[in-house]
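Have a look at the structure below, then the notes.
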Amino acid sequence: MLKLLLYSHFFAPSVGGVETFSMYLAQGLPRDNGDAAESVFVTVVTQTAGGDEPDSAEVPFRIIRQPSTQCLWRLIGGADKVILAGPAILPLLFALIRSKPVVLTHHGYQSICPNGLLFHLPTQSCCPGHFAAGRYLECVKCNASQETLMGSTKSLLLTFFRRALSRLANSNIAVSDHLARRIALPHVQVIRNGVPVMLPMKGMSENSKAHICFSYVGRLVTEKGVATLLDAARLLKARNLRFRILIIGDGPERGRLQTLASNASLNDEVLFTGFRTGNRLQELLTEVSAVVVPSIWEDAAPLSPLEQMMQSRLIIGSDIGGLAEQIDDAGLKFEAGNAAALADQIQKVIENPHSIVDFGWRARERALRLYSLDRMVQEYRALVQQV
């Protein structure tokens, strides 16, 4: 039996991309076919507190939450191999000290940027790569805008340590070609994120064609660029175009964004729904024909657009980072942060609603070919056996 430890700092019931990725692996990697030599037993270790835990018979893995340092040391010692969802320093250090084969998955820029986003906080724009270029004072000044000078300096020093440890992993996995180039670590390879195969959305009704509904799905934080979408909506309204936009999600920017929408007289066109998941999210998306992903940072490989592509929805996204790689020619792209360019792409869809179906099927075909969950799990299973 192979005893596999999967460490994910964040895990269910917390909600996010890394949490979803880790759950997919935790559910997909265990194997018990009666042959002890081929069986795989997975233990998930996380710092996320639990809610009502599922019965052990309902999930094929064990969960250990908020272990002490000593407990973490023992858990890693008892594992045959370790998968880390992100370069968390302590479990990575323990695994290396205990000579455990380590698969380190990267979902952001923690190994090359102190704030992990490769986003310049003072200017609210993409970072040109100050850490990689050795401009460390710029890193300190960047994060000092969000924390104390001492805290910012600590973050910088930890980035050196995190990167040094990451270089020692048996395998560094990037979730996109873009991310692999950015982190530039030894033994790096790409395993693209995957999502479950879903049924395509229903065809557009005549009412939908006359009054097309767009949506944004995700956290309401600066780097996601929702302000750009609202500015584009303001331009579209000035062009006397009819449309609706659902802002599905929540976050620290919600109040400011609602004020922006109100000041632009968009109360009839834009609706903030709050956070939705599962069936409640799918109900909201029933009338949505296109999803807008207006990121102003280099999104490594977001899951939400893949889920919408799998359901044959048109994606209108920023031409930046791993997001642009995912969309490729199966959607519409625009310059990140350029509200006029985004408005132009949305206008094309409003004026030619038949393009929604064409792009939607191209998006689904691309998702089925490159971003299926089965493909992702199979690639990780093969890697774990090899490492």
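Side chains are part of it too, since the values below use all heavy atoms of this structure and drop only hydrogens, waters and symmetry mates.
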**Message:** For a side-chain hydrogen bond (donor to acceptor under 3.5 Å, both in side chains) check, start with the C-alpha distance between Ser155 and Glu147, then their side-chain angles and the critical distance, and finish with the verdict.
**Reply:** CA-CA 10 Å; Ser155 296; Glu147 54 185 348; 3.2 Å; yes
**Asked** So which heavy atom on Leu179 is nearest to which on Ala300, and how close?
**Response** CD2-CB, 4.1 Å
**Prompt:** Between Arg244 (side chain) and Asp268 (backbone), is there a donor-acceptor pair under 3.5 Å?
**Reply:** no
**Message:** As an exercise, state the distance from CD1 of Ile247 to CZ of Arg254, rounded to the nearest 0.5 Å.
**Reply:** 10.5 Å
**Message:** Using the ring centroid of each side chain, check whether Tyr7 and Phe94 are separated by less than 6.0 Å.
**Reply:** no
**Message:** Please tell me whether Leu241 and Val292 are part of a single hydrophobic cluster in this structure, the criterion being side-chain heavy atoms less than 4.5 Å apart.
**Reply:** yes
**Complete:** Residues Gln110 and Pro87: closest non-hydrogen pair is CB-CG, 3.8 Å
**Prompt:** What do you reckon, is CZ of Arg167 surrounded by more than 12 foreign heavy atoms closer than 6.0 Å?
**Reply:** no
**Asked** Ring centroid separation for Phe61 and Phe41, is it under 6.0 angstrom?
**Response** no
**Asked** Counting only N and O atoms by type, is there a donor-acceptor contact under 3.5 Å from the side chain of Ser312 to the main-chain atoms of Trp361?
**Response** no
**Prompt:** Mind checking whether Ser22 and Val44 have side chains closer than 4.5 Å, heavy atoms only?
**Reply:** no
**Item:** Heavy-atom side-chain contact between Leu4 and Leu29 under 4.5 Å
**Value:** yes
**Request:** Mark yes or no for whether Thr48, through its side chain, and Phe11, through its backbone, hold a donor-acceptor pair below 3.5 Å.
**Result:** yes
**Item:** Distance-only polar pair, side chains of Ser111 and Arg162, donor-acceptor under 3.5 Å
**Value:** no
**Prompt:** Does the side chain of Leu314 reach to within under 4.5 Å of the side chain of Val291, using non-hydrogen atoms?
**Reply:** no
**Request:** Please list, chain by chain and in numerical order, all residues satisfying salt bridge (Lys or Arg N to Asp or Glu O under 4.0 Å) with Asp374, sequence neighbours excluded.
**Result:** none
**Asked** Is the shortest distance from a Lys or Arg side-chain nitrogen in Arg362 or Asp358 to a carboxylate oxygen in the other one below 4.0 Å?
**Response** yes
**Fill in**
Separation between CZ (Phe359) and CD1 (Ile316), nearest 0.5 Å, reads 9.0 Å
**Message:** Donor-acceptor check, side chain of Arg313 to backbone of Leu285, threshold 3.5 angstrom: yes or no?
**Reply:** yes
**Asked** What pair of heavy atoms forms the shortest contact from Leu303 to Gly17, and how long is it?
**Response** CD1-O, 3.6 Å
**Message:** Quick one: does any side-chain atom of Ser152 pair with a main-chain N or O of Thr148 as donor and acceptor, under 3.5 Å?
**Reply:** no
Can you give the donor-acceptor pairs under 3.5 Å from side chains of residues 216-223 to other protein atoms, not counting sequence neighbours?
| residue | atom | partner | partner atom | Å |
| --- | --- | --- | --- | --- |
| Tyr216 | OH | Arg219 | O | 2.6 |
| Thr222 | OG1 | Gln124 | OE1 | 3.3 |

**Asked** Does His107 have its ring centroid less than 6.0 Å away from the ring centroid of Phe21?
**Response** yes
**Distance, nearest 0.5 Å, that separates CG of Leu5 from CD1 of Ile83** = 9.0 Å
**Request:** Measure the shortest side-chain to side-chain distance between Pro200 and Gln311 over non-hydrogen atoms and say whether it is less than 4.5 angstrom.
**Result:** no
**Asked** Is a side-chain donor or acceptor of Ser295 paired with a backbone partner of Trp297 at a separation under 3.5 angstrom?
**Response** no
**Message:** A side-chain contact here means heavy atoms from C-beta on lying under 4.5 Å apart; do Val59 and Gln27 qualify?
**Reply:** no
**Request:** Look only at the side chain of Lys100 and the backbone of Gly77, and say whether a donor-acceptor pair between them is shorter than 3.5 Å.
**Result:** yes
Between side-chain atoms of residues 181-192 and protein atoms elsewhere (two or more places apart, or another chain), which donor-acceptor pairs fall under 3.5 Å?
| residue | atom | partner | partner atom | Å |
| --- | --- | --- | --- | --- |
| Arg182 | NE | Glu298 | OE1 | 2.8 |
| Arg182 | NH2 | Glu298 | OE1 | 3.3 |
| Arg182 | NH2 | Glu298 | OE2 | 2.9 |
| Arg192 | NH2 | Asp177 | OD2 | 3.3 |

**Asked** More than 12 non-hydrogen atoms from neighbouring residues, nucleotides or ligands closer than 6.0 Å to CZ on Phe272, yes or no?
**Response** yes
**Asked** Taking all non-hydrogen atoms of both residues, which atom of Leu25 and which atom of Met376 are closest, and how far apart?
**Response** CD2-CE, 4.1 Å
**Request:** Would you confirm whether Thr20, through its side chain, and Gly16, through its main-chain N or O, come within 3.5 Å as a donor-acceptor pair?
**Result:** yes
**Request:** Find the distance between CG (Leu370) and CG (Asp328) and round it off to the nearest 0.5 Å.
**Result:** 8.5 Å
**Prompt:** Strictly by modelled atom types, are Glu351 and Gln347 linked by a side-chain donor-acceptor pair under 3.5 Å?
**Reply:** yes
**Heavy-atom donor-acceptor pair, Lys81 side chain to Val384 backbone, under 3.5 Å** = yes
**Polar side-chain atom of Glu335 near backbone of Asp319 as donor-acceptor pair, under 3.5 Å** = no
**Request:** State whether the number of non-hydrogen atoms from other residues, nucleotides or ligands found under 6.0 Å of Asn263 atom CG is greater than 12.
**Result:** yes
**Message:** For Tyr24 and Tyr380: C-alpha separation, side-chain torsions, deciding distance, then whether ring pair (Phe, Tyr, Trp, His ring centres under 6.0 Å) applies.
**Reply:** CA-CA 11 Å; Tyr24 285 158; Tyr380 275 104; over 10 Å; no
**Item:** Phe243-Phe214 aromatic ring centre distance below 6.0 Å
**Value:** no
**Prompt:** What are the two closest heavy atoms between Leu342 and Leu229, and how far apart are they?
**Reply:** CD2-CA, 3.8 Å
**Prompt:** How far apart are the closest heavy atoms of Cys126 and Ile320, and which atoms are they?
**Reply:** SG-CD1, 3.4 Å
**Message:** Taking NZ in Lys237 as the centre, count heavy atoms belonging to other residues, nucleotides or ligands within less than 6.0 Å. Is the count above 12?
**Reply:** yes
**Prompt:** Can you tell if the side chain of Phe275 reaches within under 4.5 Å of the side chain of Val15, non-hydrogen atoms only?
**Reply:** yes
